[in-house]
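Reading through the C-alpha cells given below for one structure.
Just so we're on the same page: letters track the sequence lines, and every chain starts at 1. These values consider heavy atoms only, across backbone and side chains, with no hydrogens, waters or symmetry-generated copies.
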There are 2 protein chains.
Amino acid sequence: MKRDIFQAIADPTRRAILALIAIQALTPNAMAEKFDMSRQAVSKHIKVLQECELIKPEHSGREIYYHLNPQKMQEIDNWLAQFRKIWETQFNQLDKVLSTMKKQKK
Amino acid sequence: MKRDIFQAIADPTRRAILALIAIQALTPNAMAEKFDMSRQAVSKHIKVLQECELIKPEHSGREIYYHLNPQKMQEIDNWLAQFRKIWETQFNQLDKVLSTMKKQKK
DNA sequence: TAATTACGCAACCTTACGGTTGCAAATATA
DNA sequence: TATATTTGCAACCGTAAGGTTGCGTAATTA
C-alpha cells in the first residue's frame, strides 16, 4: 500500500522518532530503548517512515543508523504555505485593532 | 476519544476540506457536492475536524457554515519549527558548495 | 399545518492500524 | 566453527477508521 507523509506523522510514536533522530541518527535498538514497547513495534514504525522517505538508512555492519530526511519534512511545510497567508492576515488585522485601541487611549 | 490535529490531517479528504474552507466558509452539503462520497461521510470528517478545533461552526438558520481556525493550523507550524533549523542548515551548506564551485570556475 | 430541506446521530460492515510473538538472515565475537 | 547480536519479515489479534444506510430533529416553505 502507498504510504503518505501525513499519515506517517499522525502517530505520536513516529513523531517522537523523528524528533529523536533530528538530533542524532539512531539504530532501531537505540530507539526501542526510548519507548515502552517491543523492538518490533518500533521497527514497524521505522518501516512506515522509511517507505515515505521521511528517514534514510545508513548501513554499518549489522547495525543500521536511521537519519532524518529534512527535504521530505519540508513537504509538510509546503502544504502549510497555503494556510500561512491566512493566519498572517489575521495577525495583521489584530495589529490594526491594537494600534486603533492605542490611538483611542491617547 | 481524544482527537489529535496530526491524525485529523492524515486523511486526504479532510485536508481537501481544510483547503476548501480556507478560501470560503462552506456548509456540509456544499462540501459534500465536491466529493465522491455521501453527505454523511463528509459530516463524519467535519466532526473530526471540529473536535480538534481545526474548524469552527457558524449557525445560520438550519445551515451551518464551517470556518477554518488558522490558530490551530499554526500548531502544525510550531511543531515543524524544530526541524526547520535542520533543513535551513542544509541549504546554507548547499550555498557554500555553490559559491565554492563559482570561485573555482573563475 | 403539512411537506421539504439541512443536519446530526446510531448501527453496521470491511479494512487498516498498532501491537504482540516467533523465526530466519546477516554480521560480529568466542 | 559455534554462539551471540542486530535486524527484518510473517502471522496473528483487538480496536479504530472510513464508508454505507436509516432515522430523528430543527428550520424553512407551500
Could you report the tightest heavy-atom contact between A/I86 and B/P70, atom names first, then the distance? CG2-CG, 3.8 Å

Summary of side-chain hydrogen bond (donor to acceptor under 3.5 Å, both in side chains) pairs that have at least one residue in residues 25-49 of chain B, sequence neighbours excluded: B/R14-B/H45

Is the phosphate of D/dG19 approached by B/S38 (side-chain N or O, under 4.0 Å from OP1 or OP2)? no

Rounded distance in Å - CD (B/E58) to C1' (C/dA6): 16 Å

By side chain to side chain donor-acceptor pair (under 3.5 Å), which residues pair with B/R84, not counting sequence neighbours? A/D77, B/D77

Linking I/L/V/M/F/W/Y whenever their side-chain heavy atoms sit closer than 4.5 Å, directly or via other members, would A/L18 and A/I46 fall into one cluster? yes

Using atom NE2 of A/H59 as one end and atom P of C/dA25 as the other, report the distance to the nearest whole Å. 18 Å

Distances under 3.5 Å between protein N/O atoms and the N/O atoms of nucleotides 26-30 of chain C, please, pair by pair.
residue: C/dT27; atom: O3'; partner: A/R62; partner atom: N; Å: 3.4
residue: C/dT27; atom: O2; partner: A/R62; partner atom: NH1; Å: 2.9
residue: C/dA28; atom: O4'; partner: A/R62; partner atom: NH1; Å: 3.4

Please list each protein N or O that sits under 3.5 Å from an N or O in nucleotides 8-10 of chain C, with the distance.
residue: C/dG8; atom: OP1; partner: B/Y66; partner atom: OH; Å: 2.5
residue: C/dG8; atom: OP2; partner: B/S43; partner atom: OG; Å: 3.1
residue: C/dG8; atom: N7; partner: B/R39; partner atom: NH1; Å: 3.4
residue: C/dG8; atom: O6; partner: B/R39; partner atom: NH2; Å: 3.1

Considering only residues two or more places apart or on different chains, which pairs with a residue in residues 61-73 of chain B satisfy salt bridge (Lys or Arg N to Asp or Glu O under 4.0 Å)? B/E53-B/K72, B/K72-B/E75

Tell me, please, which residues at least two apart from B/P57 pass side-chain contact (heavy atoms from CB on, under 4.5 Å). B/Q50, B/H59, B/I64, B/Y66

Flag if over 12 foreign heavy atoms under 6.0 Å of CZ, A/F35: yes

Counting only side-chain nitrogens and oxygens, does B/N29 get under 4.0 Å of the OP1 or OP2 atom of C/dC7? yes

Find the distance A/E63:CD to C/dA25:C1' and express it as a whole number of Å. 16 Å

Below the 4.0 Å mark, does C/dG19 have OP1 or OP2 next to a side-chain nitrogen or oxygen of A/H45? yes

Mind listing the residues from residues 9-23 of chain A sitting with a heavy atom below 4.0 Å of DNA chain C? Number order is fine. A/D11, A/R14

Using every non-hydrogen atom in the two residues, find where A/L54 and A/A8 come nearest and quote the distance to one decimal. CD1-CB, 3.9 Å

Rounded to the Å, how far apart are A/L49 CG and D/dT7 C1'? 17 Å

Write down the distance between CD (B/Q7) and P (D/dA16), rounded to a whole number of angstrom. 11 Å

By side chain to side chain donor-acceptor pair (under 3.5 Å) - contacts of B/E58 (at least two apart): B/H67

Between A/Y65 (OH) and D/dG8 (C1'), how many Å, whole number? 18 Å

List for me each residue that meets ring-ring contact (aromatic ring centres under 6.0 Å, His included) alongside B/F6, sequence neighbours excluded, and say none if there are none. B/W79

Expressed as a whole number of angstroms, how long is the span from A/F35:CZ to C/dG18:P? 14 Å

List the residues meeting side-chain contact (heavy atoms from CB on, under 4.5 Å) with A/I21, not counting sequence neighbours, and say none if there are none. A/L26, A/M31, A/I55, A/L68

